[in-house]
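Accompanying notes for the structure given below.
Computed over heavy atoms, backbone and side chain alike; hydrogens, waters and symmetry mates excluded. Just so it is clear, the model here is predicted, and its values are computed rather than measured.
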There are 2 protein chains.
Amino acid sequence: MGRLSRKVEILNAASKVVSKRGIFNLTLDAVAEEAGISKGGLLYHFPSKEALVEGMVEHLAKNYREKIANNAEADENQRGSWIRSYVDVTFNQTYENKDMNAGLLAAKAVNADLLDPIRNLYEEWQEHIENEGIDPMKATIIRLATDGIWLAELFDIYHIEEKKKQEVYKVLLKLIDE
Amino acid sequence: MGRLSRKVEILNAASKVVSKRGIFNLTLDAVAEEAGISKGGLLYHFPSKEALVEGMVEHLAKNYREKIANNAEADENQRGSWIRSYVDVTFNQTYENKDMNAGLLAAKAVNADLLDPIRNLYEEWQEHIENEGIDPMKATIIRLATDGIWLAELFDIYHIEEKKKQEVYKVLLKLIDE
DNA sequence: TTTACTATACTATCCGGACGGTATATATTC
DNA sequence: GAATATATACCGTCCGGATAGTATAGTAAA
């Protein structure tokens, strides 16, 4: 297997379509074209649009879960490693964040039940964050503030200057260790 | 004018459709039915779907702006009145919050430029929050944490227990006055 | 009679998904 | 090893239904 599986390629294409062209252009034709496959081929792998979105959410939940977990494990300081990892990953806007947003929007649009894997993720993280030696309330507030950044970026609502964003980032990290 | 203007009724109906049935069901027919009007009547008031969504966003931005401002003015304590108002309104989940979410999602889906009034609102509030006697960084973090609650409720992603939510609320309010 | 509003009928486009095929690889049987 | 069968992966067309938007004729009130 020298390349990503076709399924994963399709899922990435779907995220790309949403990110670049919006939910209303998440059509089977558009995804097929972006993935370089025919519509028939797409439907072979995902028998319906809903199945496609389901796949998107599951895939991104898996990726994100691993990313945060690996990041937390790599931290030499155990205390607060999960909340630190969460803050890190959210602030370091990567392509995964975009995929996350695309998946969230797609699931919310197609069928809110498809958000379940994200709900599970959210609760898992909260569980970790509240049980790693940091005052739970403080940890929760740091987490929520991080989610606030996420909201602003999801809707591109608040053009926070990079410098200011980095300051917030630093303050949140410092708060963890106080 | 003993009743709301027809336009406003239509805008409320549109928000309701999005809240109850999702973005993909924000169709002219569905909005017309929800508003108790014909499709022709709807198109008389809003000549296109985009115009309708534009109307939604402008209307909710106006309402929200007034609501936060009134709340801030009614506060006997000047210091921190805006951030307090912002936290209050966001935590007290009202129908306006639902409308806000519906409008955000609709604008994001139809044409992200339509989010401009929200961008303006966001920056206005930030301006107030950073200049009312509270340490700007602290105020920003409180605001972001509040937005985190907003994100969770927008996607119904985190089933925070009401009790816990109220604790967070209280802690944020207390932080303002520290 | 103008303005504000409503209703109905219709058009053109788009989209999900079904479907009939094709190509290739691997087993199985004789 | 030739012939037959089966599974997997993929392609491109077609169709019914939904939807945005148009055209037009009407009503109520000021």
Side-chain angles (χ1 to χ4, degrees), chain A residues 1-57 59 102-103 105-114, chain B residues 1-57 59 102-103 105-114:
Chain A
M1 240 184 256
R3 44 117 99 136
L4 288 172
S5 83
R6 218 76 176 90
K7 278 204 168 198
V8 172
E9 282 177 7
I10 291 170
L11 295 174
N12 288 338
S15 294
K16 221 173 196 171
V17 169
V18 175
S19 298
K20 291 198 301 194
R21 304 173 50 197
I23 279 290
F24 283 165
N25 285 299
L26 181 70
T27 65
L28 299 183
D29 283 316
V31 174
E33 195 191 334
E34 180 75 42
I37 196 177
S38 70
K39 191 173 182 177
L42 166 58
L43 282 165
Y44 170 77
H45 291 286
F46 299 99
S48 71
K49 190 173 175 177
E50 182 159 337
L52 172 65
V53 174
E54 191 180 358
M56 288 173 73
V57 175
H59 184 243
L105 290 170
K108 176 91 183 170
V110 169
N111 175 359
D113 288 343
L114 299 180
Chain B
M1 238 186 254
R3 47 118 101 135
L4 289 172
S5 83
R6 218 75 178 92
K7 280 203 167 200
V8 173
E9 283 178 5
I10 292 170
L11 295 173
N12 289 337
S15 294
K16 220 174 198 170
V17 168
V18 175
S19 299
K20 291 197 302 191
R21 301 174 50 197
I23 279 289
F24 284 166
N25 286 299
L26 181 70
T27 64
L28 298 182
D29 283 318
V31 174
E33 194 191 334
E34 179 74 42
I37 196 180
S38 71
K39 189 174 172 181
L42 167 57
L43 282 164
Y44 172 79
H45 292 284
F46 299 98
S48 70
K49 190 173 173 177
E50 183 159 338
L52 172 64
V53 174
E54 191 179 0
M56 285 173 75
V57 175
H59 183 245
L105 291 171
K108 174 92 185 168
V110 169
N111 175 0
D113 289 343
L114 299 179

* Tell me which nucleotide among C:dG16, C:dA7, D:dG21 gets nearest to the side chain of B:S38. => C:dA7
* Base, sugar-phosphate alone, or nothing: which one does B:I37 contact when heavy atoms must sit under 4.0 Å apart? -> sugar-phosphate
* Given DNA chain C, 5'-ward residue of the pair A:G40 and A:F24, judged by closest heavy atom -> A:F24
* Asked: Nearest-Å distance, NE2 (B:H45) to P (C:dT3)?
  -> 16 Å
* C:dG16 base / A:K39 side chain donor-acceptor hit below 3.5 Å -> yes
* Rounded to the nearest 0.5 Å, what's the gap from CZ on B:R6 to CD on B:E9? Could you check? => 4.5 Å
* Contact class for A:L52 (heavy atom, under 4.0 Å): base, sugar-phosphate, or nothing? -> nothing
* To do: May I have the distance from B:N25 (atom CG) to D:dA20 (atom P), rounded to whole angstrom?
  => 10 Å
* For atom NZ of A:K49 and atom C1' of C:dC15, their distance in whole Å -> 8 Å
* Structure fact -> Of the candidates D:dG21, C:dT6, D:dT19, the side chain of B:Y44 sits closest to C:dT6
* Nucleotide C:dG16, atom C1' - distance to CG of A:L28 in whole Å -> 6 Å
* Asked: What distance separates B:L52 CG from B:L42 CG, expressed to the nearest 0.5 Å?
  -> 6.0 Å
* For A:L43 and D:dT13, give me the distance from atom CG to atom C1', rounded to whole Å. => 13 Å
* Asked: Who are the side chain to side chain contact (heavy atoms under 4.5 Å, CB included) partners of B:L114, not counting sequence neighbours?
  -> B:E50, B:V53, B:E54, B:A107, B:V110, B:N111
* For the atom pair CD (A:E33) and CG (A:L28), what is the distance rounded to the nearest 0.5 Å? -> 13.0 Å
* If you measure from CD1 on A:I10 to NE2 on A:H45, what distance do you get to the nearest 0.5 Å? -> 4.5 Å
* **Atom-to-atom span, CD of B:E33 to C1' of D:dT19 - whole angstrom** => 15 Å
* How is B:L42 classified with respect to the nucleic acid when contacts are heavy atoms under 4.0 Å: base, sugar-phosphate, or nothing? -> nothing
* Asked: OP1, OP2 of C:dT6 versus side-chain N and O of B:R6: anything below 4.0 Å?
  -> yes
* Structure fact -> Rounded to whole Å, CG of A:D29 lies from C1' of C:dG16 at a distance of 9 Å
* To do: Could you check how far CZ of B:F46 sits from P of D:dT22, rounded to whole Å?
  => 16 Å
